Each structure stands twice: as C-alpha cells, then as structure tokens.
Amino acid sequence: MKADIREIEPAVYSVILDGKSFLARVIPSADSYLVEVDGQQFVQEISDPRDATRRGTASATAGRQNLTASMPGKVVRVLVMEGQAVEAGQGLIVVEAMKMQNELKAAKPGRVAKIHVKDGATVEAGEALLIIE
Amino acid sequence: MKADIREIEPAVYSVILDGKSFLARVIPSADSYLVEVDGQQFVQEISDPRDATRRGTASATAGRQNLTASMPGKVVRVLVMEGQAVEAGQGLIVVEAMKMQNELKAAKPGRVAKIHVKDGATVEAGEALLIIE
Amino acid sequence: MFHKVLIANRGEIAVRIIRALRELGIRSIAVYSDADRASLHVRMADEAAHIGPAPSSQSYLNMERILDAARVHGAEAIHPGYGFLSEDADFAQACADAGFVFIGPSPDSIRKLGSKTAGRRVAIAAHAPVVPGLEEPISSIDQARAAAREIGYPVLLKAVAGGGGKGMRRVDAEAELEAAIRDASSEAQRSFQSSEVYMEKLVVNPRHIEIQVFGDQHGNLIHLGERECSLQRRHQKVIEECPSPLMAAFPEMREAMGQAAIRIASAAGYYNAGTAEFLVDSESKFYFLEMNTRLQVEHPVTELVTGLDLVHLQLLVAAGERLPFSQQDVSWQGSAMECRVYAEDPENGFFPSPGKIVHLTEPGGPGIRVDSGVYPGWTVPIDYDPMLAKLIAFSPDRKTTIQRLLRAVGEYAVMGIHTNLSFFRELLTDSEFRKGNLHTGFIDQFFERRHSRDAPNPELNAIAQLVAARYAGARKQIPPPQAASRWLNEGRSGLLR
Amino acid sequence: MFHKVLIANRGEIAVRIIRALRELGIRSIAVYSDADRASLHVRMADEAAHIGPAPSSQSYLNMERILDAARVHGAEAIHPGYGFLSEDADFAQACADAGFVFIGPSPDSIRKLGSKTAGRRVAIAAHAPVVPGLEEPISSIDQARAAAREIGYPVLLKAVAGGGGKGMRRVDAEAELEAAIRDASSEAQRSFQSSEVYMEKLVVNPRHIEIQVFGDQHGNLIHLGERECSLQRRHQKVIEECPSPLMAAFPEMREAMGQAAIRIASAAGYYNAGTAEFLVDSESKFYFLEMNTRLQVEHPVTELVTGLDLVHLQLLVAAGERLPFSQQDVSWQGSAMECRVYAEDPENGFFPSPGKIVHLTEPGGPGIRVDSGVYPGWTVPIDYDPMLAKLIAFSPDRKTTIQRLLRAVGEYAVMGIHTNLSFFRELLTDSEFRKGNLHTGFIDQFFERRHSRDAPNPELNAIAQLVAARYAGARKQIPPPQAASRWLNEGRSGLLR
C-alpha cells in the first residue's frame, strides 16, 4: 500500500493511495477524531472505543437506555409513565428544538424506570430526560 | 460615528456604522495591513508610511527608479542601453513569467543609469533589473 | 423603481433578495436579531438594523420594530420573504398604512386566500376542485368528532394560518383526535400566533404539485408552470422539481392546473407572486389545497426552467409596472430539481444540529446553483429553522439533473455540524425515486425498504485511520488506536422511523 | 460509454471535465506535475497520476508520461482540455496508436485545420471568406518583407500552431518587422513547440466573433451559435458573451456565420467540438480566422444560452454515439457572459500574481456559475497560466447579465494575491461597454479614456482604519498610525498602458 498523504488545508488531507485519489477532512473532539473520506464518516476513538455516550440521546448499553437531550429545547409532551413497559420504536417523549417537534423513541424494549422531566419543561443539552431498563 | 465591529471569521470583520453594513478583510504583512472594504483596498502602514518599496517593480522615489523583478521569471529582451534617455511610459525590458511576456515601462522620464541583466537571464523575485535616474 | 428596500427576513432568502436588489441597483436593508448579528444576510446587505432579541416573536415577527427600522433607514418598500410575517395580512396592511409598499399581494387578497379555510371557499366559488373537509376552523371537540365521522378517517388536521407541516397531524381513529387537536393547536399557536386548526379528508399518498402564479396591478395574471413537491418528511418538503414526472406522462395537466390556479387567484384580485398547492390522487385528479400568498422556498426551480427571475419580477410589479411578457411568452426548458440542505442529523432521527460550521465547501460548476445563507466559521443558531442552503441543479433532462445533484452533493462539505446531505446521497440513488413514481408517503416507504446501509468501505476506513494518525502526529496528540475505527452509522437504525 | 477517462490537463478545465465524467458515471484520472500535487483537480479526481516536474514540457506536454499514466490506470479515453496537447495532431495520433480514444477530432482534421495557414486553405476551398495574408509560414525575412509590402502595413504575425495571443505581434512598419518575427517565433516555440509564424493583414479594430460547431462520427455537423470575444487584452480574451450585441442588430448573421463554419468543418471531415473564429469589420463583413480544434475556455457561455452540456456531448460523440438532436432543435435563450478571473495585478500592468490564496469567497445564487480551479489555502504556482476561475452569468437580457456579473464580482473575494476582479468592476460599469459597441481595440481605448479612478471613498477609508486597529489590538501588534491610510491605487497610472 503506497500512500501519499498531504495536508493541503488545515485538517484537510489529499490522499493518493495506489493511484486512487481521496479527500479526507478531520474534526477533532475531546475523545475522538471524526474523519470524513469522500463523504463517508468514520470515528477514530482516542480513548476507550466503548464509551459511546458522546452523541447524546438514546445510547443503549447493556439493556439500559439513558435518554438525554442532545440540544436545548422544550419538552412538549411525555408519552409514557414510570413503570410502563415499552417496545422498541415506541415514542417516549416529544421535544421541541429549533422550531421542530421531535419524538424520541425507545431503541429496544424495556420498562420506564425514571422520568426526569415533565410537560413544558425547558431542558439544556445533555440533561437527563428518562431511563429505560 | 457609532461603529459596531465584529470579527466574524478570522481576519474578516462585519462593521455596522451608522446603520450601514460593511465587510472588511485584513491581510497582514511585515510592515502594513492590507484592508479590503467592500472591494476597495487600503494599505495601513505599521512603520514608516513613506517606505513604498513594498510592492516591487518600478517604485519611483525622488526621480530615481529602481526596477526589480516582482516574481521569478526570465528576461526576454532588454529594450534600452545604459546611458540612453527614456520617456515616461517607454518600454524598458520584457520579462516572461507564468507564460506571459510583460513589458516593464518607465514611470517617468530619465536616463538609464545601470542595467543589471541581459537577454535570456533568469531572475528571482526582488532581483534588481535596471536603474533609471 | 425603488431606491431602498427593507427585507423583513433572515437566512438564505434574505441573501437571495439582497442579490436581486443589488442587480437592480436598489439599496438593501437587512434586519437582525441578537442571534443574527454575524449572519450572512447582515454582512451582505448595504444597511442593517437591529430589531430585538433572538426569539422571533420579539424580532422577525415584531411588526413595530420592523416598521421603525424601515422608517429610520428610509425604505420605500418591504420584502417579507417567506415564513415570519410574509402571509400576515395585518402586516401587509400596516406597511401600507405606514407608507411602505408591501412586496406581495394586497392585504385583501391575503385575507381571502391566506387562511386555508378561506382559500377553500374562494376555490369552490371559482369552480376549482377541493379536498372534502371543513370550511371553518374547529371550534369544539364535539364538532370535530362529528365532522371526522362524516368525512371518514383518516383525516388531516391543519393550522389555518399554517405552512411547512407545522400544526399538522394525521388522525387515524377517534381515540387520537382530541390529543392531536391539542398538539396541532399549540404548535400552530407557537408557529403562527394563531391556534386555529381545521380538518380535511386525508388523501392517501397523493402527489403534491403546485402552480406558480404571477400577477401585476393592471389585471395581468399568468402561471409559470408547476413544481412537484411530493417528497416530504413530516410534511416538510425535501426535494422539489419541474417538470413534474407526472406532467411528462400527461402534458395537458400543466395547463389544466395552471388555469385552475389563475381562476382562484383572479377571484381574489391577486397580484405579485403566489403559489396554488394541489393534491393529485392516484387517478391523476387534482384538488386545490391552499394558496401560499408569497414567494416559495422552491422558487428557483421555476426560475431555472423558465429563465425568469421571480424576485426581479416581484419588485417590478410591486413598483406598479406591468408584467413585461404574457402567458404565451412563457416556455419551459430542461429539468430543475432542488434539495433543501438542513442542519440536522439523518443518523439520529433528523434531529436539528446547530453549532459552528468549521469547514464549508459549496459545490459549483455547470448547472449548479447554491442559494446559501451560511459561511465557514458561522454558528448556526438554535433559534430558527435549521435550513442552511438550497442546492438546485438544472440540465436538459431529469436523469442528468439527478446525476448532477449527486455530483454536487459529493462536492458539498459541511463539517462541524450534521447535515442531511448523506440522506440526499441515498435518496437520489434510489431506483423508485429515479422512476419518478412520487407521492407524499414516498419517504416513509423509503425508510422502511432501506433496511440497512452498505457496510463501511474498508478502503475509506483505512484512509480514515491513516489520516487520523497523521493529524494526531502533526499536532503531537495521542494517536487513535489503529484498529478501532468505527463507522458512524452503526446501530443508528433503531432511532429512525 | 467509457468507464474511465484520463484528463491530460490541469486547473479549472480539468475540474470541469471531472464534473462531467462524474455526472455520466465515468471514473476520472487526473494527471499532475510536481507543482500540482495539491491542486484542486487532483483532490477532486477519482484517480491521480504523477507525470513529471513542474515545467510543462516535462509534464503536461510529455506525451509518453501521459500515455503511460493512461495505460497504468486503465483509461479508455483521453480528454485533452484546451491548451497543452489539445491541438496536437501527433498526440491525437499517439492516443489512437496506443489504443485510447482521443476526445476530440481526428488527427487528420487537426492537421487540416489546426495550423492557421492550413485552416486558411481549407476555408478558401470551402468558399468561406478569409483575411488577406500568407498561406504558408514565414521562411525568411526577405519573404516576410515582400509579403508585408504587398498586404500593406499594419500586419499581424501569428504563431501557426498558436492561440491565446501567444506568439502574436502587430507590426506597423518595416523597421519593426525583423525583431517582431524573432520575438513571435521564440514565444511560439516556448508555448507550442513550434516556432512557425505567418502573416496576415491587420483588420483594424474588428469584432472577434466565433461559432461553436459540433459533429458526430456519423456525418452530423451542426453549429451552436456565436460567442462574441472582442474584449481582449494583449490578444487574450477577457470577456465573452452570447448573443453578440451585433447579432441583436443583424439576426441573420448568426445563421450566415454558422453555415460558413459548418462548411469549413465539413471540408475537414470534422467531428467533436470545434470553434471557427471570425473577424468582423466595421461594415459587418466577416472573415474566417482559424479553427480551434478543441473545447474553448469560453464554452460555458454557449452552454447557458442553449441549455446543453458540451463536455457531455464531447464524451457522447467520442464514444461513437450520434448527436441526440439536430440543428433545428437548437435554440438560444437569454444572455450569457463570462469573465476570466486571473491572478494578475491590474494596478501593476496586469503582472502575474502567484502566491497563496489566504481567503476565498466565490459568488453564488441566481444565474451565476463559477468554474473554478482553486481553493482557499492553495498556492497559485508560478509555472502555468494564471487563470484562477471563470465567472459566468446568465439572465434574460444583456443588461441584467451585466448587473448580475457586477453583483457577483462584489461577492467574489480573493485575498493574498492580486486578481483582475477590480478591473472587471470598472469595465462592467463602462457606458461604452454597456452599449455593446465592442471591438478588439476596445480595452486599449478604455485604458486611455479612463483617466483616473474615483478618489478613495473616505467612509471606506475610515472603516479600513478602524478594522486595522481592531485587528492589531486583538493580536497585540503595533497598531497602524491612525491617519496614514494610503489608497492602494495611488500613483499606479504610470504603469498602465
């Protein structure tokens, strides 16, 4: 594999590999690099590649789903109650942000363990919304 | 004069002055800032504003014209001889750079005091070509 | 012609209007909220006026602040763009009362057509077909229940003052009706300052095709053909095109729909730009839905196939001049298609993705137009609609236009925030889309049949690793572990509808 | 259709061709010299091959290296772009011998038309009018003197293999003749690897109007109308447009010139894209000048008014397909105009200005196309032609197109190097230019009547001071003295012709 890699703009790389030409752009964050190569995105973790809470919202680890707000917004309506069983894909909570209502859904089946917010609440980015177990 | 100045990109400024909106871009160099405002360019000198050799080629100071090459190139033909009287606008030397032949002309009348190069010579940026007195 | 015009809007449409004004030698006045001091429309305008804090209710919807700015800056006319106050008859009236030309139809025309229920009444009187439904807003849950039973489920709730899918809800059964009315009303109130909602029969998987109309103040009223806007996600248009693939099969439809649109507009004494929206059912019958009494987001599609500039024309007729051509001078050439580029994350339920644009490369070259409202280094604010730009392609035929859009999407790079560009890459390669069998349920079906994406390309993955290592090395940071590259799209499917 | 095509060129035209290939689903192979490793065409292509050191004689003019690259990468065809090897019959032949399709006319057509003297003979045989002059290259100074006396001064020397004003000299009197031949020959040798020069009568201040022809390999040959290219500086085109303002006055000229061009091309068995250049004298008589047997720099002008994509068509007919339409299907709509954006300093005799592009903003929006070969952060090398990009505008009429170009020039920002954008700003506002009374001496006359520019705007000057102080303050550098702002254009007039 013969790779010719040049940083041609800050964080933008021209790569010629075996005669093929690629353009790659890098965005660093605290614990990873996001690398876009010809429109496809890859995450290169710096630390523990299993720590996947980075992008917020419903990250499913070992059955437990910890739903957080990925950006500032307002809770329009909570669609479930504590103790309620939910199915994969079931709507849990409606949040409005940037003039758009977004229904957050369960990634897998479970039971609502805890609801942190109620209708009309203003939430900050990263704020816990509810927990499914 | 009520000015609201924001650096909205590195070295790019949005200026709102008495309700009018302007966009200004700054390019720093060793001894000045080049500021482009709505397409018109201004040089803000840092040091001595009379030192005008900055842009190379025929800079006319007190009658003496010191013609230098502003970029690497090749002397195609010298059009004058030492001792020859020249008029303003008269062609002095033809230099080829970037596939273009460019005839450098006298900015004001004078006499050719010294010719530093001859036909076919390769010149570097800043190299002295000839002097008119 | 005017000497100075204020633009009561922001983002790409404000930039679009500034460009038109500059081409006509007219000075432009931008307005901005606290969140928009550094926005592109402010840096591009000739003049700029601050009109209040970030929330649009206190800035872009604040009539008094906008009229004050127009007075202070000496504007002669006000262009409302789309959204915000553009379809507000009271604002059009307030402009006139304050001595400014409102660049749009008369307040009376807006009233006659601006609300969906009023528009339906005009259309019925003008003998244009309409979808069965209420002619008045919903006043009580009992009335709504009775109406829905008569019309038959599924029904659709819509904001009377609305547009863009806001305040809209599909209701499949009576049990859902009350909650749906509540949600739709509250969303309508927040979006349009009016909680009024009405109901109509839901035509299942119709095409959404609209007709651009244009009139002057001397009684000339023409149509500029259709735009097919069937590709919608949550009632928001995603892709628009002209000609509609349906018109290719039934060329006489353009003229039939065009004439229906002109009849409706004429009945309301309409002038300036307007758009009559129609649903087309599976038997190619069309029904008038509503009139948008303003410039549409997707107007560039019409500009490319007709060769006209709709904002120039808006200014011309607003200044009292005659349309400089008539219906028979309008012709349509080639194929145009528009993608709305949003700051949103297709891998995460299309959730809005505001933030700083760290890197931006916009496409160019033959047949590509980008109407952008952003620049590199700018931070997309959380306060407004997350549309970044419109990417529009033009070529002799639909197939080439789609290929051209794909080429342009490949050139388009927005780093630092998520965008829906990757979604367009998938959609534009979809074989059903390419066949042109479009309907408003198309995108939902697309998500269902699109089981999982191709696996990550191992060659690109290897390059990502090389580049990350090089980046880290050059900056003396901890390099990423060599084999730990993770494709970003893994496990995203559970979050998508 | 091909699967993989090599582009034997660089800069904006290589990018233009990559875009066309991508739209047709064909893989692109870029070639690059040492000076172009980081160039835009290399980063955009699917594949890339290094072909030698910076001097073009060792890279972009090195046939063997280019053919090797085509072999190694598995190309089926080679697109030569314009300049470099594009009009070299030997290269076209070498491509064919090596089993690659040359995307252009046959080697035989190039030979028949490629040299100016040969082209004149073909034109005379095809009963097309030509400018009086030699039909053979100059072989001795005595022959040249005799010919010039017969033709009558002023005469024009031209490189037989040439184009773009290289190797061209006006000669007003016999005393200048010998030196002029020497200069023209040596420039021709350096630019085209052929020192041959010929002579023709200098038509004083003619219009330069060219006709785009297009043929397939099945005998279909059509014309796509004219481009007026009268605005030239040192025989380099600066602005091109369609329709020619002259055609507006004499609409029958387009067809008359078009038919003459077809006759000439047909006599040479021509296929693919070609351009017949004509001079038009003050009595609107036209004379064939030469045939450019390749795609022209200014082809986008024709693309915008006809709605066609000439590079798509080149690929189509090179692959052996028929032209998908005939002469009567071609129509012209609206007005298109192109500005060639160069890295050169209008305040310093248009001297080339290579260097790093520190900041780049390219214009966009309605009716604007930018075919660019650069990106922000890239360093314009000293080794090649300093064209950065082409800025092309389209609108319904010439006046609006000019306004649109001016608007776009205002949006265009290239910092770090000098460009001719400020020159376009002046030229596009010139009243003579707006009247459309164009001829090849126009720009020289423009420089003469343009005594001095407006004084620097004191308001902008004040803002420059404020911004410089803010910049210095934020970076804790020595601020500029408050009153020392100097307008950059002071005292430049002595350097301009």
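Naming convention: chains lettered A, B, ... in sequence-line order (proteins, then strands); numbering from 1 in each chain. These figures come from a predicted structure and were not determined experimentally.
The ring-ring contact (aromatic ring centres under 6.0 Å, His included) search around C:His41 returns none, not counting sequence neighbours. Applying the salt bridge (Lys or Arg N to Asp or Glu O under 4.0 Å) criterion to C:Arg37, with sequence neighbours excluded, gives B:Asp4. The salt bridge (Lys or Arg N to Asp or Glu O under 4.0 Å) test applied to C:Arg425 returns no partner, not counting sequence neighbours.
When each of D:Lys390, D:Arg16, D:Met44 is scored by its heavy-atom pairs under 4.5 Å with chain C, the top score falls to D:Arg16. Counting heavy-atom pairs closer than 4.5 Å to chain D, the top residue among C:Glu411, C:His312, C:Glu12 is C:Glu411.
Contacts of C:Pro300 with chain D are absent, with no heavy-atom separation under 4.5 Å from either backbone or side chain. Residue D:Ile368 touches chain C through its backbone alone, counting heavy-atom pairs closer than 4.5 Å. Using a 4.5 Å cut-off between heavy atoms, C:Ser335 makes no contact with chain D at all. Interface remark: D:Glu362 contributes no atoms to any contact with chain C (heavy atom separation under 4.5 Å). Proximity to chain D involves both the backbone and the side chain of C:Arg19, based on heavy atoms less than 4.5 angstrom apart.
Of all residues spanning residues 398-408 of chain D, those with a heavy atom less than 4.5 Å away from chain C's heavy atoms are D:Thr400, D:Gln403, D:Arg404, D:Arg407, arranged by number.
Here the straight-line distance linking atom CG of D:Asp309 with atom CZ of C:Phe394 works out to 11.5 Å at 0.5 Å rounding.
Nearest heavy atoms, C:Gly365 versus D:Asp371: CA-OD1, 3.3 Å. Closest non-hydrogen pair, C:Gln333 versus D:Ser331, comes out as NE2-OG, 4.0 Å. The heavy-atom pair separating C:Pro396 from D:Gly307 by the smallest distance is CG-O, 3.2 Å.
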